[in-house]
Amino acid sequence: MTLQSMTAMLKRAQKYAYAVGAFNILDYNSMKAVVDAAEELHSPVIIQTSVKTVLFWGYEPVIAWARQLAENATVSIAIHLDHCKDLKVIQNCIDAGWTSVMIDASTMPFEENIALTQKTLEMARPKNISVEAELGAIVGVEDDIHVKEQDAHLADPEQAVQFCHTLAIDCFAPAIGTAHGVYKGEPRIAYHRIEEIARRTGVPLALHGGTGLSEDVFYRCIALGCAKVNISTQLKYAHINGFVDYHLQNKVYNPLKPLQAQYEALKAAVMENIKLFGSEGKA
Ligand code: 13P
């Protein structure tokens with residue numbers, strides 16, 4: 001299969017009340033683990049790349065891995081640029097072959113957020129590339145974007161409606177009480193707000209800060225209209241621990257062994273999430 005945008009897969013997920021997992025990858029091993037997990041469970045999947053990861057490897061190697069993995073897969077796969085506030089990086093990803101991008105202008109005033117998102121849509125639409133945009137401020141650190149607890153604020157439903165009616169985005173990420181990174185206490189999810197925003201905008205919602213949420217939280221958010229769930233921190237832990245634990249237990253200086261253990265840990269984490277999100281068998 002060729003790589004595709006998120007548009008159709010998210011519309012379908014929204015219609016049938018499940019969510020597609022968007023998994024932040026770090027390298028070829030983690031990308032392969034994500035695709036193999038989706039393939040094994042016959043699930044659509046979103047390969048998600050942070051700006052830092054893209055700049056670390058370069059655009060061409062990352063898109064080449066994704067194309068090669070997608071070609072050999074039978075499930076629907078999108079490659080999506082996560083939280084990006086730099087239009088140059090977005091343009092480079094579009095030119096390289098990314099099928100989906102996120103413009104994160106959520107720290108800017110409302111009108112500027114709209115203007116930058118509109119610009120992104122103009123860049124993406126001619127190539128049928130899907131666009132995700134954010135409103136409100138999601139607490140925590142994601143890539144180069146740091147939002148302190150005192151600066152976090154939930155998306156305002158009236159603004160959300162105006163935002164989504166002005167912009168033909170494919171996926172909307174309103175801040176609704178989740179956080180990037182490891183949760184310090186019980187997250188306070190604004191379920192009413194999710195319900196109202198999903199109902200009044202009609203746009204598939206993205207649930208950011210997926211790591212550490214309980215099954216119950218996932219089920220409720222997905223039932224209310226979250227059609228995309230982002231998982232990053234859990235995979236960072238699996239990436240490091242999968243490798244290090246193997247090495248500490250075996251002390252064999254054959255790097256392919258801990259890399260294999262890392263792959264298995266990542267694949268298991270992705271499979272666990274795909275099952276939770278209800279996208280198994282929906283490829
Ligand atoms: P976590 O790191 O909390 O899983 O959040 C991921 C995310 O929302 C990426 O945009």
Side-chain angles (χ1 to χ4, degrees), residues 6 10 19-26 30-31 33-34 37 45-56 62 78-86 89-90 93 98 100-107 117 120 130-149 152 154-155 169-190 194 204-215 217-218 221-222 226-241 265-266 268-274 276-277:
M6 305 196 302
L10 294 189
V20 182
F23 300 100
N24 286 59
I25 60 91
L26 286 150
S30 45
M31 195 191 282
V34 168
V45 80
I46 298 160
I47 297 168
Q48 195 153 262
T49 58
S50 72
V51 174
K52 271 191 185 160
T53 299
V54 176
L55 297 183
F56 183 87
V62 177
I79 178 163
H80 176 73
L81 176 68
D82 200 14
H83 295 277
C84 185
K85 40 186 183 178
D86 185 342
V89 173
I90 290 180
C93 282
W98 263 251
S100 187
V101 293
M102 175 181 188
I103 169 73
D104 181 356
S106 60
T107 53
T117 305
T120 305
S130 46
V131 173
E132 175 179 342
E134 178 171 326
L135 187 67
I138 299 172
V139 76
V141 180
E142 187 55 52
D143 223 19
D144 271 342
I145 301 173
H146 300 240
V147 179
K148 294 201 188 93
E149 219 151 305
L154 301 184
I169 51 175
D170 307 278
C171 182
F172 182 46
I176 43 79
T178 56
H180 293 125
V182 176
Y183 287 98
K184 291 191 196 93
E186 198 59 33
R188 297 224 316 265
I189 313 293
I194 302 178
L205 303 185
L207 184 67
H208 282 246
T211 298
L213 295 179
S214 67
E215 280 187 35
V217 171
F218 281 133
C221 292
I222 292 168
C226 293
K228 171 178 183 266
V229 179
N230 287 5
I231 301 285
S232 176
T233 303
Q234 185 187 0
L235 299 189
K236 288 181 186 164
Y237 277 67
H239 204 267
I240 304 268
N241 291 340
L266 287 161
V270 173
M271 286 177 77
E272 173 194 315
N273 282 299
I274 286 175
L276 274 177
F277 304 159

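We count ligands from 1, going down the list as the structure has it; atoms in each ligand are counted the same way.
For the atom pair CD1 of Ile47 and CD1 of Ile79, the computed distance is 5.0 Å after rounding to the nearest 0.5 Å. Distance CD1/Ile274 to CZ/Phe23: 5.0 Å, rounded to 0.5 Å. Between Glu132 atom CD and Leu81 atom CG the span is 10.0 Å, to the nearest 0.5 Å. Between atom CG of residue Asp104 and atom CG of residue Asp82 there is a gap of 8.5 Å, rounded to the nearest 0.5 Å.
Each of the atoms 1 (P), 3 (O), 5 (O), 6 (C), 7 (C), 8 (O) of ligand 1 lies under 4.0 Å from some heavy atom of Gly209. Below 4.0 Å from some heavy atom of His83 lie the following atoms of ligand 1, by number and element: 10 (O). Taking every non-hydrogen atom of Ala179 and a distance limit under 4.0 Å, the qualifying atoms of ligand 1 come out as 3 (O). Interface of Ile231 with ligand 1, defined as ligand atoms under 4.0 Å from a residue heavy atom, comprises 4 (O). Heavy-atom proximity to Gly210, at under 4.0 Å, picks out these atoms of ligand 1: 3 (O), 4 (O), 5 (O). Within the listing of ligand 1, atoms 8 (O), 10 (O) sit less than 4.0 angstrom from a heavy atom of His208.
Contact between Ile176 and Leu154 at its shortest, heavy atoms only, is C-CD2, 3.6 Å.
Not a single N or O atom of Asn24, backbone or side chain, sits closer than 3.5 Å to an N or O atom of ligand 1. Where the criterion is an N or O separation shorter than 3.5 Å, residue side chain and backbone included, Thr233 meets it with respect to ligand 1. Taking any N or O of Gln234, backbone or side chain, none lies under 3.5 Å from an N or O belonging to ligand 1.
Remark: minimum distance from atom 3 (O) of ligand 1 to any protein heavy atom is reached at Gly181 N, 3.1 Å. Nearest protein heavy-atom neighbour of atom 4 (O) of ligand 1: Thr211 OG1, 2.5 Å. Looking only at heavy atoms of the protein, atom 9 (C) of ligand 1 is closest to Asp82 OD2, 3.1 Å.
For the side-chain contact (heavy atoms from CB on, under 4.5 Å) with Val34, the lone residue among Ile46, Leu266, Ile25 that qualifies is Ile25.
At least one heavy atom of His180 sits less than 4.0 Å from an atom of ligand 1. Assignment of Ser50 to the shell around ligand 1 is not supported, since no heavy atom sits closer than 4.0 Å.
Although no hydrogens or angles enter the test, the distance criterion places a donor-acceptor pair under 3.5 Å between the side chain of Thr211 and the main chain of Gln234. Side chain of Ser106 to main chain of Ala137: no donor-acceptor pair is present (N/O by atom type, distance under 3.5 Å, no hydrogens or angles).
Ring geometry for Phe218 versus Phe277: interplanar angle over 60°, hence perpendicular rather than tilted (30 to 60°).
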